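Here is the structure we will look at, set down as structure tokens.
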There are 2 protein chains.
Amino acid sequence: MSDEVLTAFDALFELTTRLGESMRADLGAHGLNPARAEVLLVLHRRGPVVQRELSQILRVTPRHVTGLVDTLAEQGWVARTPHPSDRRAVLVGLTDAGTAQATEMHRRRAEAARAWLGDVDPADLTTFRTVLGQVLDRLGSSGER
Amino acid sequence: MSDEVLTAFDALFELTTRLGESMRADLGAHGLNPARAEVLLVLHRRGPVVQRELSQILRVTPRHVTGLVDTLAEQGWVARTPHPSDRRAVLVGLTDAGTAQATEMHRRRAEAARAWLGDVDPADLTTFRTVLGQVLDRLGSSGER
DNA sequence: ATTCATTGTGAAGTCAGTTCACTATGTTCT
DNA sequence: AGAACATAGTGAACTGACTTCACAATGAAT
């Protein structure tokens, strides 16, 4: 019945809130916020990147990227280096501390995953993941990176 | 394997992001944001409420409630009336337009639920809901209202 | 050499939300 | 009744994330 759908949706929504809060808290305890954490993860995945590209990946204005990088640089997690061939552009890359921080974030993510889903029945978990995948697939049309 | 847990967690995370964006967009199209929408829903559920109580329900400062109510009153969705017995307090309640808006929100929520989960296999959906419930239960200790 | 496009940043603004100080009212205690 | 204390709401000022606009420096195209 439609009721089941509604209940599931509400639960998902509630979980969204909780997950978000939990993540914010965790990041905050490590001197980060979601936007800056995302920068670190992107740089960890792609290596050094020009600010302009970063702004497209993150879907924020170039101006805001300047601010994000300023902060992260002050914290010692990223560093700006001149672009080898384009003197307008700036390459942003992780420092050693930044790399360590990104690695740590992956570790904490795995830890959180275990804490949240670790004791779910394996078969149920598989179904759970399947449903999530299905929904995400159908949504795929909007907003892929 | 732990990998399944991680994959599921990532998918869940991704979905929550999308859900949040989608909700924001939908609310925005109707002149609302999450905080103000929450006010409307609370008033719809509980009837007129004193601002102080509202601040506790929403977990924001009383000062911020003043602002939220100011805006919603300008938009014609809530109205302040004097508290019958306590002249310091103000009762905030939905106007007719506000009630209509809240009802509309419930309709749109049901619509969204169908759009997101409507074509999931019923048995899978049940498992999905169960897992969500399990996770929420275990998290229950923190932050109930 | 000129024109046009692109990168990054200063200056200023918006929006959600907070803290602090203060007024008005309610409650309690003698 | 009066003093002392608690509570409800709001002005003023601030923080933090993010935007728009204008502009200087550089690069690409004609």
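If you're wondering where the values come from, they're calculated on a predicted model, not measured in any experiment.
- Under the rule for a side chain to side chain donor-acceptor pair (under 3.5 Å), B:T61 has no partner lying at least two apart in sequence or in another chain.
- Between B:R107 and B:E104 there is a salt bridge, since a side-chain N of the basic residue sits under 4.0 Å from a carboxylate O of the acidic one.
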Applying side chain to side chain contact (heavy atoms under 4.5 Å, CB included), run through A:L117 and B:L6 and close with a yes or a no.
CA-CA 9 Å; A:L117 301 173; B:L6 206 59; over 6 Å; no
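- Rounding to the nearest 0.5 Å places CD of A:Q51 at 13.5 Å from CZ of A:R88.
- Summary of the strand contacts: A:R36 and A:S85 both lie near DNA chain D, and taking for each the nucleotide with the nearest heavy atom, the more 5' one is attributed to A:R36.
- Within a 6.0 Å sphere centred on CZ of B:R24, heavy atoms belonging to other residues, nucleotides or ligands number 12 at most.
- Along DNA chain C, the stretch of nucleotides lying under 4.0 Å from any heavy atom of chain B spans, 5' to 3', C:dA16 to C:dG26.
- No engagement by B:V65 is indicated, since no non-hydrogen atom pair under 4.0 Å with the nucleic acid exists.
- The residue A:R63 sits close to a base: some heavy atom pair falls under 4.0 Å.
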Walk me through whether B:R18 and A:V135 qualify under side chain to side chain contact (heavy atoms under 4.5 Å, CB included).
CA-CA 11 Å; B:R18 302 284 189 88; A:V135 175; over 6 Å; no
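- In this pair, A:F128 and B:F128 present their aromatic rings parallel. The plane angle is below 30°, not in the 30 to 60° band.
- Under a hydrophobic clustering in which Ile, Leu, Val, Met, Phe, Trp and Tyr are joined whenever their side-chain heavy atoms come within less than 4.5 Å, directly or via other members, B:L132 and A:L19 fall into the same cluster.
- Comparing A:A35 and B:D70 along DNA chain D, the residue whose closest nucleotide (by nearest heavy atom) sits nearer the 5' end is B:D70.
- Counting 5' to 3', DNA chain D first comes under 4.0 angstrom of a heavy atom of chain B and last does so at the ends given by D:dA6 to D:dA12.
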